[in-house]
Amino acid sequence: MPTHTAAHVNSPWTLAIRAAADHGHPRRAIALYLSSLAAHRPCPFALAAVLKSVSRLPAHIAATAAASLHAHLLRLGLLMHPYPHAALAHLYSRDPVAARSLLDETPPTGAQAPHSLLVSRNSLIASLLRSGDLPAARALFDHMPVRDVVSWNSMVAGLAKAGRLDSAIQLFQQMPERNAASWNAVLCGLIAHGHLARAREMFEQMPVRSNVSWITMISGYAKAGDVHAAAALFERMENKNDLYAWNAMISCYAQNGCAREAIQVFNRMLKPHVCVLPNEKTFSSVISACSQLGDLRFGLWVQTFMGSVGIELDDHLRTALLDLYTKTGRIDSAFDLFRGLRTRDVVSYSAMIVGCGMNGKLNEAISLFKEMSNANIRPNAVTFVGLLSAYKHAGLMEEAHACFASMSSKYKIRPSMEHYTIMVDLLGRSGKLDEAFQLIMQMPMQPHASVWGALLLACELHNNAELGEVVASKCFELAPGDSGYYILLGNIYAQANKWDKVKRLRKTMTERGLSLAASSGLSEGLEGVFQRSRLGSGGSVQKASANKNQSATGAGTRLKCPSFGWISSWNASTSLAPHGGRASLAIWHMCAGIVLERFNVAGTSWRSSIPGNLADLGEHPDDEVVHVVL
DNA sequence: TTAGGGTTAG
């Protein structure tokens, strides 16, 4: 039975809710909050924690959850309470219009109000900066009666990220107080705009460094491809009990082609003295590493391991797995994963097209490309790697040429080394050695040894020793330590019976130290409008359904509830007695998939599941209409 | 007790 005592700041319930919120379990936080209502009145501090955790949900869920919790606060009379107010302002911070109207129309009240306003304004600054409205953010910042270190940090970070490094540094120098985040804001801006050396200089001089500083530097080196610098910093980090740090390092290796090292770091992370559990981001990188190694067995073990840790497959993980499956020849399993994606984007389409290209599925690759074009998803360089390799596998010269040409003319994508390599390979294999050679000479970038290598292979295939010699010399120049190119040239000489040249080549190899070993029930036709006053007779209900239960969800459809206001996320269900008796309607006010409150129609009044004096919402006039789509 | 900074897939 509810005791109706108000939970205070540090009541066990509030602590439990906050713990769930802080550990990234928003749904658990909401569920705990609802459980707390059985014993306590709604607690503003607990609600603040719930609001905070909801901001970690995906944007589309967070938006409806914010509206639901807003309605909830409004009805509880807790909207003006400074804590939930600031938390709601934060939650709305993805949407500057909503945040501003909350601040202007329902400002917080009470002794804590000035502080709460400061926090809410900080959220609004962050929101404006995120939406790219630098002038509005700056105006708000300049007119704030009180500023704290967070206000300054947000502004400095916003300027730095927008590339206005001079202004950012100028503001940074004016700061009355700095903390690690202030330094990190500038550090992050320097790195984002390619000033890695300057960032490092600053990093070494920083008076305070947080883990964020280290991780920012490590990921900066990772993106620049400097694996050694990143690893050296990671080893220097004293406090390695930080998931972000491990993820940054594993991803650094995985993204720079050091798959073995990525898995080694992952293994280190699992050691008992490291008190960090891998999350989906960790596994995305680990699966990517497995895929690079073509190690399906380890990949499958990782998948099982993920299940045992309780990690569900999100789209990122599915895409990583899909890639692993295509690279290990399980194209059908890959298609299953692809079809199961919540949303398909350029990354998942490209992964699938590359997979089809590799597995000789030209028609599938082309139809995927059409499908993504129809969905208005713009292809990128990787998409064309997939398409071109599909044409290459099918030996379709003309089509490949047209596709290659369309990259720059139609899609404004500059072909990379990889695209050129595929074209050279295709031309070479079909015997057009001179054309392939010309294409390499026309490349806008310095050709890598592998491009020449593709042509060298074609020279072997078509017994062209003369060109082979020229091409091989390019390979030796660009990759002096790679014995493979010597062996290829040796084969070319042998085919042409040039045994003295073979002998000389072997001698050169020895001299150079190279070895030979080298549900919802929503459906059309079931739409109906439930008029509350007619519910008793069940007229509309019968129209909507014959004799079975129906349910509907209302994400995006706003539902007007009597004595309540608008709810933007709800579930409704009707049940009819099989013999056509009484009909009843219940509406669940949903928040992130969890029932926040339930309303039942009982006679002519709506009852809410919220305990205490808020339970009975009273009668409502007959002209109230609840629109429910079933 | 609210706010800011870092990590994922082709």
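Throughout, a chain's letter reflects where its sequence line sits, starting with A, and its residues are numbered from 1.
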(message) Testing the 3.5 Å rule here: is there a donor-acceptor pair between the side chains of A:H316 and A:T319?
(response) no
(request) Could you check which of B:dG6, B:dT2, B:dA9 has an atom nearest any side-chain atom of A:V119? (result) B:dT2
(request) Name the closest nucleotide to the A:K161 side chain, picking from B:dG10, B:dG6, B:dT2. (result) B:dG6
(request) Find the distance A:L129:CG to B:dG4:P and express it as a whole number of Å. (result) 11 Å
(message) Is there a salt bridge (Lys or Arg N to Asp or Glu O under 4.0 Å) between A:R339 and A:E371? Walk through the geometry before answering.
(response) CA-CA 12 Å; A:R339 294 293 168 208; A:E371 193 181 307; 3.2 Å; yes
(message) With no hydrogens and no angle check, just 3.5 Å: does a side-chain donor-acceptor pair link A:N380 and A:T383?
(response) yes
(message) Can you measure A:H316 atom NE2 to B:dG10 atom C1' for me and round it to whole angstrom units?
(response) 10 Å
(request) Could you tell me whether the side chain of A:N184 has a donor or acceptor atom within less than 3.5 Å of a complementary atom in the base of B:dG4? (result) no
(request) Report yes if a side-chain nitrogen or oxygen of A:S120 is closer than 4.0 Å to either non-bridging phosphate oxygen (OP1 or OP2) of B:dA3; otherwise report no. (result) no
(request) Tell me whether the guanidinium CZ or amine NZ of A:R147 lies under 6.0 angstrom from the six-membered ring centre of A:F141 and within 45° of its axis. (result) yes
(message) Nearest to the A:N279 side chain among B:dA3, B:dT7, B:dG6, which nucleotide is it?
(response) B:dT7
(request) Please say which of A:W214, A:Y253, A:W246 ends up in a ring-ring contact (aromatic ring centres under 6.0 Å, His included) with A:F234. (result) A:W246
(request) Consider the side chain of A:V150, meaning its heavy atoms from C-beta on, and name the nucleotide among B:dT8, B:dG6, B:dG4 that approaches it most closely. (result) B:dG4
(request) Assert yes or no for the condition that the ring centre distance of A:Y420 to A:F404 is strictly below 6.0 Å. (result) yes
(request) Using atom CE of A:M202 as one end and atom C1' of B:dG5 as the other, report the distance to the nearest whole Å. (result) 12 Å
(request) Kindly indicate whether the side chain of A:D242 and the base of B:dG6 share any N or O donor-acceptor pair separated by less than 3.5 Å? (result) yes
(message) Angle between ring planes, A:W301 versus A:F298, binned at 30° and 60°: parallel, tilted or perpendicular?
(response) parallel
(request) Looking only at side-chain atoms of A:A181, point me to the closest of B:dG6, B:dG4, B:dT2. (result) B:dG4
(request) Evaluate side chain to side chain donor-acceptor pair (under 3.5 Å) for A:S151 paired with A:D148, printing each intermediate quantity in order. (result) CA-CA 5 Å; A:S151 332; A:D148 66 357; 2.8 Å; yes
(request) Measure from CG on A:L277 to P on B:dT8 and round the result to the nearest Å. (result) 19 Å
(message) Centre-to-centre under 6.0 Å for A:F369 and A:Y349, is that the case here?
(response) no
(message) When you measure from the side-chain N and O atoms of A:K281 to the phosphate of B:dA9, is any distance below 4.0 Å, counting only OP1 and OP2?
(response) no
(message) So, OP1 or OP2 of B:dT2: does either fall under 4.0 Å of a side-chain N or O from A:H90?
(response) no
(message) Rounding to an integer number of Å, can you tell me how far A:L118 CG sits from B:dG4 C1'?
(response) 12 Å
(request) Have a look at A:N179 and say if it touches a base, only the backbone sugar-phosphate, or nothing, with a 4.0 Å heavy-atom cut-off. (result) base
(request) Counting heavy atoms from C-beta on, name the nucleotide in B:dT2, B:dG4, B:dT7 closest to the side chain of A:S154. (result) B:dG4
(request) Would you indicate which nucleotide in B:dG6, B:dT2, B:dA9 comes nearest to any side-chain atom of A:C188? (result) B:dG6
(message) Determine whether the aromatic ring centres of residues A:F335 and A:Y325 are separated by less than 6.0 angstrom.
(response) no
(message) Once you apply a heavy-atom cut-off of 4.0 Å, does A:H115 come out as touching a base, just sugar-phosphate, or nothing?
(response) base
(message) Any donor-acceptor pair, under 3.5 Å, between the side chain of A:S210 and the base of B:dG5, if you only look at N and O atoms?
(response) yes
(request) Would you jot down, in residue-number order, the residues of residues 350-381 of chain A having a non-hydrogen atom under 4.0 Å from DNA chain B? (result) A:S350, A:A351, A:N380
(request) Select one nucleotide: of B:dT8, B:dT7, B:dA9, the one nearest the side-chain heavy atoms of A:T319. (result) B:dA9
(request) Give the rounded distance in Å between these two atoms: CD1 of A:I311 and P of B:dA9. (result) 15 Å
(message) Of the options B:dG6, B:dA3, B:dT7, whose atoms approach the side-chain atoms of A:N247 most closely?
(response) B:dT7
(message) Measuring to OP1 and OP2 of B:dA3, would you say a side-chain N or O of A:S123 lies under 4.0 angstrom away?
(response) no
(message) Using whole Å, what does the distance between atom C1' of nucleotide B:dG6 and atom CG of A:L190 come to?
(response) 16 Å
(message) With a 4.0 Å cutoff (strictly under), does any side-chain N or O of A:Q255 reach OP1 or OP2 of B:dG10?
(response) yes
(request) Just compare B:dG4, B:dG10, B:dA9 and give me whichever is closest to any side-chain atom of A:A320. (result) B:dA9
(request) Please find out if less than 6.0 Å separates the ring center of A:H228 from that of A:Y221. (result) no
(request) Output the residues of residues 217-239 of chain A in contact with DNA chain B, where contact means a heavy atom of the residue under 4.0 Å from an atom of the strand; sort by number or write none. (result) A:S219, A:K223
(message) Between C1' on B:dG5 and CZ on A:F172, what's the gap in Å once rounded to a whole number?
(response) 13 Å
(request) Consider only side-chain N and O atoms of A:D323 and A:S291, and report whether a donor and an acceptor are under 3.5 Å apart. (result) yes
